[in-house]
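Every value quoted in this text rests on a predicted model; they were computed, and no experiment measured them. Residue numbering restarts at 1 for every chain, and letters A, B, ... go by the order of the sequence lines.
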Amino acid sequence: MSNQPEERYEDSQLYRIRHSAAHVMAQAVLEFYPEAKYTIGPPVENGFYYDFDLPEAITNEDLEKIEKRMRQIIAGGHAFVRKALSAEEARQIFSNQPYKLELIEGLEKGGLDEYGNPLAEKPEISIYQHDSFTDLCRGPHVENTRQINPSAIKLMSIAGAYWRGDEHNKMLTRIYGTAWKTPDDLKNYLKMLEEAKARDHRKLGKDLEIFIYEDEVGPGLPLWLPRGGVLIEELEKLAKEMEEKAGYFRVRTPHLAKEDLFLHSGHLPYYAESMYPPMELEGTKYYVKPMNCPMHHKIYGAKSHSYRDLPIRLAEYGTCYRYEKSGELFGLMRVRSMQMNDAHIYCAEEQFEQEFMGVIDLYKKYFDLFQIEKYVMRFSLHGKEGLGKKFVDNERLWLKTEEMVRQAMKNGNVPFVEVANEAAFYGPKIDVQIWSAIGREFTLATNQVDFAQPGRFNLVFMNRNGVEETPLCIHRAPLSTHERMVGFLLEHYAGNFPAWLSPEHARVIPITDNQNEYAEGIVRQLLEKGIRASADLSAQRMNAKIREAQLMKVPYMLVVGENEANAGQVSLRVRDGSRQDNIPLAEFIARARDRISTRSGQL
RNA sequence: GCCCUCAUAGCUCAGUCGGUAGAGCGCGCCCUUGGUAAGGGCGAGGUCAUGGGUCCGAAUCCCAUUGGGGGCUCCA
């Protein structure tokens with residue numbers, strides 16, 4: 001750790017290189033498609049993009065062509081020249097570039113940035129010029145195209161993107177590129193992408209037989225295979241243990257409810273589009289539940305409560321269905337059927353901070369267990385504009401609850417960032433961003449403070465003054481959904497699960513079939529001791545059996561030949577390649593049971 | 001939902017200019033009884049995603065649909 005303050009990306013040389021590479025790319029594209037309209041091209045994490053309105057679709061072959069031309073332009077050694085000018089002058093330069101004219105208008109009028117967001121102050125209008133290309137741009141850039149290393153750039157992909165990110169606007173063609181200081185940096189980046197691909201939960205999920213999708217079942221509706229079933233069982237066991245210790249009660253609720261319930265909760269008016277359409281029977285409409293909370297509210301409301309009962313914590317691994325739009329589905333990370341590590345905590349206002357921190361503590365325990373080192377709480381606030389539309393219309397309560405959460409996190413020294421306009425409709429939300437072992441960001445856990453629904457459901461408790469009061473409700477899902485959690489864990493561990501999570505703890509590998517019976521006896525003993533085991537009695541050679549177990553990432557392989565059979569021993573091969581030959585079976589059992597029962601990260 | 005792209009055996013993939021299909025793995029049988037990441041042989045297995053169209057003839061060309069992927073938008 002250095003004491004130097006970290007340089008902002010926006011101020012770095014890399015940022016300038018990428019920004020300049022975007023301009024060079026735009027020049028190349030315009031040379032091939034002179035009629036193209038160009039829009040914006042900023043640096044982004046790991047690279048840059050530029051959005052064009054092109055007269056025809058371009059292909060990956062075109063990318064090679066464009067990339068080649070970029071290298072020529074770079075070699076030309078052109079200077080980047082900045083010039084400040086008036087809106088009028090800018091309009092003349094970009095007279096045939098409608099998107100640029102729109103940008104100029106935004107800059108001129110009250111200052112809107114390139115994404116259409118308001119700017120604090122009215123900016124100076126400037127252009128940057130190099131070779132034959134001129135762009136409306138605030139910079140900064142490198143001084144000369146030569147400062148872009150032609151062997152450290154690469155065009156990555158073509159994608160669609162809406163003008164100004166608004167789905168009502170025209171779909172533009174976005175070209176993504178990456179640029180680095182040195183060819184080695186580029187190589188490392190590409191290697192990192194390869195690694196990420198090898199860890200992709202969709203690939204590992206298939207290879208390790210965790211889940212599948214079937215066309216006839218439907219998109220976003222995963223089928224969990226036996227090995228995936230084990231992961232889920234273990235996660236539930238973990239959650240139930242932790243929640244029991246933390247004073248939660250377990251409840252169970254149905255998958256469907258009448259329309260009335262979701263009208264009552266306020267979900268239907270806000271989220272009907274994301275719900276499966278209703279089914280109507282005997283004149284009554286039923287909806288498949290998109291979340292569990294309304295049902296938990298009903299359970300809370302089923303009897304009268306005293307302040308002495310609070311907090312009441314209702315937990316359920318509830319199965320929910322949400323109609324995510326087709327283009328939004330993604331492996332296990334975005335699905336239509338999901339099972340949530342859900343719970344609702346009903347508490348009095350003065351209990352809020354303690355309960356809230358109790359949830360955060362739970363998070364931290366899980367982070368510890370899963371060796372998650374980096375996390376940030378994203379604290380999503382309401383937006384004034386959305387009141388009554390996106391958000392429940394009660395600004396006073398919004399501000400009050402937000403302040404409560406803010407204080408709780410400050411007091412608890414929880415790292416968090418605030419994001420405006422992204423709350424849940426019933427209250428402020430905290431999404432937990434975590435980073436996997438290879439540094440990819442995931443949003444898994446979420447919790448929300450709900451000041452709206454308890455009131456809607458007339459949930460009350462009698463306070464110590466004998467006056468009815470409405471409790472607050474904390475929605476929380478530290479382990480997210482099974483789908484997302486397993487997706488994350490697959491990538492995080494690259495499929496090399498700690499023993500307790502491994503679908504198969506041990507595989508017994510007889511060397512010849514003379515040891516098959518001995519192997520089967522071992523399996524029986526292991527199963528008896530709660531160790532998930534099987535024997536490989538196939539006609540293959542031992543080496544092939546080991547390879548197979550290794551590919552399935554089985555943590556413990558027990559090789560048994562004539563010697564072991566005679567001595568009542570096993571040869572232990574651990575997934576990491578280490579070996580312990582000729583140990584008594586009991587010794588292995590003790591080791592495995594210890595690792596499993598403590599949920600150890602060691603094998 | 002939108003833009004682009006892809007779909008061949010259970011899996012991973014090959015298939016040229018349009019002439020109705022191949023490999024490896026896996027599966028079954030046989031031989032091999034092997035000491036820490038693939039022993040060998042034989043065999044079964046495909047309406048080339050689905051539905052239309054062009055053509056004497058379509059896995060191959062065109063259109064639509066379904067599903068996957070890269071993005072955008074969205075994610076209570």
Does B/rU60 have a Watson-Crick or wobble mate here (both distances under 3.5 Å), and if so which one? none
Base, sugar-phosphate alone, or nothing: which one does A/F425 contact when heavy atoms must sit under 4.0 Å apart? nothing
Would you indicate what A/R202 reaches in the nucleic acid, counting non-hydrogen atoms under 4.0 angstrom: base, sugar-phosphate, or nothing? sugar-phosphate
Within the structure shown, what part of the strands sits under 4.0 Å from A/Y426 by heavy-atom distance: base, sugar-phosphate, or nothing? sugar-phosphate
Using both distances under 3.5 Å as the test, list the Watson-Crick or G-U wobble partner of B/rG43, or none. B/rC27
Under the side chain to side chain donor-acceptor pair (under 3.5 Å) criterion, do A/E441 and A/T443 qualify, and how do the steps go? CA-CA 7 Å; A/E441 186 258 316; A/T443 301; 3.1 Å; yes
Look through every strand shown and name the nucleotide pairing with B/rG34 as Watson-Crick or G-U wobble, where both distances are under 3.5 Å. none
Sugar-phosphate, base or nothing in reach of A/A161, heavy atoms under 4.0 Å: sugar-phosphate
Counting the atoms with a prime plus P, OP1 and OP2 as sugar-phosphate, which does A/I58 contact under 4.0 Å by heavy atoms, base, sugar-phosphate, or nothing? nothing
Applying a 4.0 Å non-hydrogen cut-off, can you work out what A/Y49 is touching in the nucleic acid: base, sugar-phosphate, or nothing? nothing
Identify the nucleotide, in any strand shown, that forms a Watson-Crick or G-U wobble pair with B/rU54, with both distances under 3.5 Å; if there is none, say none. none
Is there a Watson-Crick or G-U wobble partner for B/rG22 with both distances under 3.5 Å, and which nucleotide is it? B/rC13
Less than 3.5 Å between a donor and an acceptor, one on the side chain of A/R322 and one on the base of B/rC75, is that the case here? no
Quiz question: going by heavy-atom distance under 3.5 Å, is there a donor-acceptor pair between the base of B/rU36 and the side chain of A/N543? no
Base-pairing assignment for B/rC2 (Watson-Crick or G-U wobble, both under 3.5 Å): B/rG71
Answer with yes or no after comparing the ring centroid distance for A/F48 and A/H19 against a 6.0 Å cut-off, counting only values under it. no
Salt bridge or not for A/E395 and A/K384, using N-O below 4.0 Å? yes
Mapping A/Y321 and A/E548 onto RNA chain B by nearest heavy atom, which one lands closer to the 5' end? A/E548
If you assign A/H475 and A/K206 each to the RNA chain B nucleotide with the nearest heavy atom, which residue ends up on the more 5' nucleotide? A/K206
Does A/E562 get its side chain close enough to the base of B/rG34, under 3.5 Å, for a donor-acceptor pair? no
Could you give the distance separating B/rC48 and B/rC61 at their P atoms, to the nearest angstrom? 15 Å
Can you see which heavy atom on A/P269 is nearest to which on A/F262, and at what distance? CD-O, 4.2 Å
Yes or no on side chain to side chain donor-acceptor pair (under 3.5 Å) for A/H297 and A/Y346, after CA distance, side-chain angles and deciding distance? CA-CA 9 Å; A/H297 299 335; A/Y346 302 88; 2.7 Å; yes
Is it the case that B/rG67 (base atoms only) and A/S326 (side chain only) share a donor and an acceptor within less than 3.5 Å, ignoring hydrogens and angles? no
What's A/T443 touching, base or sugar-phosphate or nothing? Going by heavy atoms closer than 4.0 Å. nothing
